[in-house]
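Notes to accompany the following structure.
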Amino acid sequence: MSGTGGADDELARFSAELQELLRDSRFTSFRELARHLHYSHELVARTARGKEIPSLEATLAFVRACGGDPEEWEAKWRALPRNQKSVSRPTIASPAWPARAVADGADPEDARCHADAVTIHAQKVSLTSKRHIIGQIELRYSPSSHAAWGRFKGTEGLDKLAAFRHKVDLNIGVEREGVSAARLSYAVEYAFDNHWSDILLTGEGVFFGWVEIFFDGDLVASGKTRKATLR
């Protein structure tokens, strides 16, 4: 058998051990750890998923927060095979925690809704004061979980504004219109990556994702996706 399988297995083992460290820590979700690290929850989740070798910086931040030995983990990280073709097939890493119930207000990552998620509609978001695109808001949907949520991705321009000029905060949400109307909002400081809201169950009503963007506490942009009926 070629070395590709062995490289896959080593990365999967690394990821599984990293998730075990997280499971034994004081943190109960990727989102909670992300808040502690001031990272996006997408980056924190990606670090432990085992689909690619995470950066050393993210790995060591993850390890320190969870009470691991940075020197030990740096040695493990440096020992991973660097052949990127080796991560082309699914790895065997297990989730950090048991899946949480799919219900209104659950995090899509914790409820495993992200596995088959698709983007129903995406809308570019511009600054209100001028024609300057700073990101896009998406309506995400999991057919198997019957759940929807909003997801925001900033542009490189927004990254620069957040790095050098403004404190950038987001309110990201999803809304369900109809008999069981509901509106969820998740507030987070922008961290140069994908950010998403909690979920709303689908099956009745229409749905859309939305975002509000603040610079230094002032609302400077907002946007929402098209409305969609989701099963």
Side-chain angles (χ1 to χ4, degrees), residues 30-31 34 39-46 102 104-231:
F30 287 127
R31 183 169 277 179
Y39 284 179
S40 74
H41 40 306
E42 169 69 13
L43 176 58
V44 169
R46 194 165 62 235
V102 179
D104 285 356
D107 182 290
E109 186 83 27
D110 293 340
R112 311 291 188 261
C113 300
H114 65 285
D116 67 339
V118 294
T119 298
I120 299 299
H121 182 252
Q123 178 67 49
K124 292 181 178 179
V125 180
S126 172
L127 290 173
T128 303
S129 61
K130 56 184 176 181
R131 294 172 61 88
H132 181 66
I133 302 297
I134 56 174
Q136 70 176 32
I137 180 65
E138 302 172 351
L139 176 62
R140 298 283 287 172
Y141 170 59
S142 166
S144 64
S145 301
H146 305 286
W149 60 97
R151 184 174 74 173
F152 177 79
K153 174 65 176 176
T155 62
E156 290 185 9
L158 182 59
D159 290 351
K160 292 178 181 177
L161 289 170
F164 302 111
R165 293 188 60 183
H166 300 289
K167 181 179 183 295
V168 179
D169 295 293
L170 310 172
N171 274 340
I172 312 160
V174 61
E175 186 160 342
R176 179 176 59 211
E177 295 182 339
V179 175
S180 58
R183 178 181 173 91
L184 293 184
S185 174
Y186 177 67
V188 62
E189 184 175 354
Y190 179 65
F192 310 95
D193 211 329
N194 290 328
H195 298 274
W196 55 82
S197 72
D198 293 329
I199 66 172
L200 286 176
L201 297 182
T202 60
E204 59 179 33
V206 296
F207 295 79
F208 62 92
W210 58 271
V211 66
E212 297 173 334
I213 304 167
F214 300 82
F215 287 178
D216 306 315
D218 295 325
L219 180 64
V220 297
S222 62
K224 62 182 180 180
T225 67
R226 294 175 187 162
K227 296 179 181 181
T229 301
L230 303 173
R231 298 179 61 184

Exercise: identify the closest heavy-atom pair between Leu139 and Ala148: CD1-CB, 4.3 Å

Short question: side chain of Ser197, backbone of Gly150 - any donor-acceptor pair under 3.5 Å? yes

Arg226 meets the salt bridge (Lys or Arg N to Asp or Glu O under 4.0 Å) criterion, sequence neighbours left out, with none

Does the Arg165 side chain pair with the main chain of Ala163, one donor and one acceptor, at a distance under 3.5 Å? no

Spell out, as yes or no, whether a donor-acceptor pair under 3.5 Å connects the side chain of Asn194 to the backbone of Lys153. no

d(Asp107 CG, Arg112 CZ) to nearest 0.5 Å is 10.0 Å

Compare all side-chain heavy atoms of Arg183 with those of Trp210 and state whether any distance is below 4.5 angstrom. yes

Any donor-acceptor pair under 3.5 Å from Asp104 side chain to Leu201 backbone: yes

Do you know the tightest heavy-atom contact between Cys113 and Ile199? SG-CD1, 4.0 Å

To the nearest 0.5 angstrom, please state how far the CD atom of Glu177 sits from the OG1 atom of Thr229. 10.0 Å

Thr155 versus Gly135, closest heavy-atom pair with distance: CG2-N, 3.4 Å

Would you indicate whether the side-chain heavy atoms of Leu127 and Phe215 approach each other to under 4.5 Å? yes

Measure the shortest side-chain to side-chain distance between Lys167 and Glu189 over non-hydrogen atoms and say whether it is less than 4.5 angstrom. yes

Can you tell me how the ring of Tyr190 sits relative to the ring of Phe152, calling it parallel under 30°, perpendicular over 60° and tilted otherwise? perpendicular

Separation between CG (Asp159) and CZ (Phe164), nearest 0.5 Å, reads 10.0 Å

Main-chain N/O of Gly209 paired to Thr225 side chain as donor or acceptor, under 3.5 Å: yes

Point-to-point distance, once rounded to the nearest 0.5 Å, from CG of Leu184 to CG of Asn171: 12.0 Å

Pairwise distance CG(Leu43) to CZ(Phe192) - rounded to 0.5 angstrom: 11.5 Å

Applied to residues 128-137, the side-chain hydrogen bond (donor to acceptor under 3.5 Å, both in side chains) test, sequence neighbours excluded, yields Gln136-Glu138

Is the backbone N or O of Ser144 less than 3.5 Å from a side-chain atom of Asp116, with the two atoms forming a donor-acceptor pair by type? yes

Non-hydrogen atoms of Arg46 and Asp193 that approach each other most closely: NH2-OD2, 3.3 Å

Step by step, work out the side chain to side chain contact (heavy atoms under 4.5 Å, CB included) result for His166 and Val220. CA-CA 11 Å; His166 300 289; Val220 297; over 6 Å; no

Within the distance-only criterion (no hydrogens, no angle test), does the side chain of Thr202 pair as donor or acceptor with the backbone N or O of His146 below 3.5 angstrom? yes

With a 4.5 Å cut-off on side-chain heavy atoms, are His121 and Phe208 touching? no

Sequence-distant partners of Ala182, side chain to side chain contact (heavy atoms under 4.5 Å, CB included), two or more places apart: Arg176, Leu200

Only residue of Leu170, Val168, Leu219 satisfying side chain to side chain contact (heavy atoms under 4.5 Å, CB included) with Phe214 is Leu219

Check: Arg31 and Asp198 side chains under 4.5 Å, non-hydrogen atoms: yes

Between Ala221 and Ile134, which heavy-atom pair has the shortest distance, and what is it? CB-CD1, 3.9 Å

Calculate, to the nearest 0.5 Å, the distance between atoms CZ and OG1 belonging to Arg140 and Thr119 respectively. 4.0 Å

I need the minimum non-hydrogen distance between Phe30 and Glu109, along with the two atoms involved. CD1-CG, 3.7 Å

